[in-house]
Amino acid sequence: MKVIVGSRGSNLALTQTNWVINELKKFHPNIEFEVKIIKTKGDLIQNVSLDKIGDKGLFVKEIEQQLLDKSIDIAVHSMKDMPSSLPEGLKFAGVPKREDIRDVLILKKGYKSLDDLPKGAKIGSGSKRRKYQLLNHRPDLEIVPIRGNIETRMRKIEDENLFGVILAAAGLIRAGLEEKITCYLDEDIVIPAPAQGALGIEIRKGDSSIEDILSCIADKTSEIQVEAERGFLDGINGSCHIPVGAHCKVDGDDIVLTGLYGDEEGNKIITKTINGKVSKAREVGIELAKLISKEFKSYER
């Protein structure tokens, strides 16, 4: 049997895809896996910030079309890049064990932490969620927009004379660049994106043989977290135009979910935490979205 796996062509995307394949091969040594690289609109337009050219689907639409056309059998994505709803006919298989959820700073030599940076230091970030939370902690910083893959963003520290860049820990760890991390930002400083650090494995609905093949790498705790955080994303109708963050902690049968939502200019950022049951993870996410939306609307009045 041969299984074709669709992936973007960046170093990180291919690293993630090959990780999934290697894990699957441990359980299915007789299956042949082939990687098919697919270029997306987000890969082709590199000189414009994401919120100017579209939405989260920028990195997935072409890949999803090939799934629907049966040109590929599985698509591997970073779950945080996925829109809150999938096209008709597609679904997620089980979520593999999640990587570190935190954001990190890569700083130029001589600097060790966020508090170390001089007044007015320039930090590169392509995310409003990261930008406004950093500014909440250090209002004097200048956050400048950057795009590109991990390697491109790190090069900008030299090329654009930045003091540092903020990136997801998971991508750096998976790409074997963990030693480049200067410091980790805990969620009391920066709440991560919903499902940050988790992989989204997308398949066709009704394709039970592929779903069975993938079931061996599913991780229950990661699935619960993703369900709650994406429930929040769906309920808040989140996009890359606005700051949205979420983090779910699982403790036995209970979950604690923290959500963040703000306006485009970062004038108002609301953070709230609620408790709920593992069995109702998605509903807890939607409930938290309702609470934050209600508070946001009363603020706007």
Side-chain angles (χ1 to χ4, degrees), residues 2-25 31-83 86-87 90 92-93 95-96 98-100 104 106 124-127 145-160 165-178 180 193 195-204 210 213-214 217 240:
K2 186 178 186 178
V3 174
I4 300 174
V5 187
S7 171
R8 290 168 63 202
S10 73
N11 177 33
L12 175 60
L14 289 170
T15 300
Q16 292 180 164
T17 298
N18 286 321
W19 180 87
V20 169
I21 289 170
N22 289 334
E23 290 299 302
L24 290 171
K25 278 180 175 170
I31 294 176
E32 183 190 343
F33 293 93
E34 180 188 310
V35 178
K36 182 175 184 184
I37 294 173
I38 301 160
K39 274 208 171 346
T40 69
K41 187 178 176 185
D43 296 314
L44 297 170
I45 305 171
Q46 280 293 331
N47 57 344
V48 186
S49 69
L50 290 183
D51 59 341
K52 301 279 192 301
I53 49 171
D55 220 314
K56 281 177 174 255
L58 281 170
F59 294 108
V60 299
K61 282 202 172 93
E62 291 82 355
I63 298 174
E64 289 179 328
Q65 193 52 56
Q66 295 222 14
L67 253 184
L68 291 166
D69 294 344
K70 301 193 174 176
S71 303
I72 59 172
D73 303 300
I74 296 169
V76 179
H77 311 277
S78 292
M79 187 71 94
K80 74 180 177 66
D81 292 336
M82 296 302 289
L86 300 186
L90 299 182
F92 286 122
V95 180
R98 193 177 190 179
E99 192 40 272
D100 195 309
V104 297
I106 297 174
S125 172
S127 151
I146 54 167
R147 285 278 319 277
N149 61 29
I150 290 173
E151 295 81 1
T152 304
R153 292 185 190 209
M154 290 196 303
R155 273 199 304 275
K156 288 182 190 250
I157 297 175
E158 295 294 324
D159 298 349
E160 298 185 15
V165 293
I166 178 170
L167 296 166
L172 289 155
I173 294 166
R174 287 198 183 107
L177 296 166
E178 195 171 356
K180 301 283 187 191
Q196 184 159 302
L199 295 179
I201 302 181
E202 200 175 12
I203 60 173
R204 286 181 292 277
I210 293 292
I213 289 166
L214 289 163
I217 61 169
C240 56

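These numbers come from the heavy atoms of this one structure, side chains and all, not from hydrogens, waters or symmetry mates.
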Inter-residue atom distance [X].[atom1] - [Y].[atom2], 0.5 Å rounding:
{"X": "Ile37", "Y": "Ile63", "atom1": "CD1", "atom2": "CD1", "answer": "10.5 Å"}
{"X": "Ile4", "Y": "Lys36", "atom1": "CD1", "atom2": "NZ", "answer": "7.0 Å"}
{"X": "Ile210", "Y": "Leu67", "atom1": "CD1", "atom2": "CG", "answer": "10.0 Å"}
{"X": "Lys25", "Y": "Glu32", "atom1": "NZ", "atom2": "CD", "answer": "8.5 Å"}
{"X": "Gln16", "Y": "His77", "atom1": "CD", "atom2": "NE2", "answer": "11.0 Å"}
{"X": "Ile72", "Y": "Glu34", "atom1": "CD1", "atom2": "CD", "answer": "11.5 Å"}

Open item on the list: As a test of understanding, state which of Ile146, Asn149, Leu177 forms a side-chain contact (heavy atoms from CB on, under 4.5 Å) with Met154.
Closed with: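 The single option meeting the side-chain contact (heavy atoms from CB on, under 4.5 Å) with Met154 is Leu177.
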Kindly give the heavy-atom pair with the smallest separation between [X] and [Y], and that separation in Å.
{"X": "Lys2", "Y": "Asp73", "result": "O-OD2, 4.0 Å"}
{"X": "Ala175", "Y": "Asn11", "result": "CB-ND2, 4.3 Å"}
{"X": "Pro87", "Y": "Glu202", "result": "CD-OE2, 4.2 Å"}
{"X": "Val35", "Y": "Ser7", "result": "CG1-CB, 4.4 Å"}
{"X": "Ala168", "Y": "Gln196", "result": "CB-NE2, 3.7 Å"}
{"X": "Ala93", "Y": "Ile203", "result": "CB-CD1, 4.2 Å"}

Compare all side-chain heavy atoms of [X] with those of [Y] and state whether any distance is below 4.5 angstrom.
{"X": "Val20", "Y": "Ile74", "value": "no"}
{"X": "Arg204", "Y": "Leu90", "value": "yes"}
{"X": "Pro96", "Y": "Glu23", "value": "no"}
{"X": "Asp100", "Y": "Leu172", "value": "no"}

Open item on the list: Suppose we screen for salt bridge (charged side-chain N to carboxylate O under 4.0 Å, His left out). Which residues come up paired with Lys70, at least two apart in sequence or across chains?
Closed with: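 By the salt bridge (charged side-chain N to carboxylate O under 4.0 Å, His left out) rule, Lys70 matches no residue at all.
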TODO: Walk me through it: do Val76 and Val5 pass the test side-chain contact (heavy atoms from CB on, under 4.5 Å)?
DONE: CA-CA 7 Å; Val76 179; Val5 187; 3.8 Å; yes
Task: Check: Arg174 side chain, Gly197 main-chain N or O, donor-acceptor pair, under 3.5 Å - done: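 Yes: the side chain of Arg174 pairs with the backbone of Gly197.
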Task: Side-chain donor or acceptor of Ser78 paired with backbone N/O of Asp81 under 3.5 Å - done: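 Between the backbone of Asp81 and the side chain of Ser78 there is no qualifying donor-acceptor contact (under 3.5 Å).
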- [ ] Mind running side-chain contact (heavy atoms from CB on, under 4.5 Å) on Lys180 and Val104 for me, showing each step along the way?
- [x] CA-CA 10 Å; Lys180 301 283 187 191; Val104 297; over 6 Å; no
TODO: Run the numbers on Ile106 and Ile157 for side-chain contact (heavy atoms from CB on, under 4.5 Å), then give the verdict.
DONE: CA-CA 9 Å; Ile106 297 174; Ile157 297 175; 3.8 Å; yes
Open item on the list: Checking Asp69 now: which residues fulfil side-chain hydrogen bond (donor to acceptor under 3.5 Å, both in side chains) with it, not counting sequence neighbours?
Closed with: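 Expected list: Gln65.
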Task: CA sep, side-chain torsions, deciding dist, call: Val60, Met82, side-chain contact (heavy atoms from CB on, under 4.5 Å) - done: CA-CA 7 Å; Val60 299; Met82 296 302 289; 3.3 Å; yes
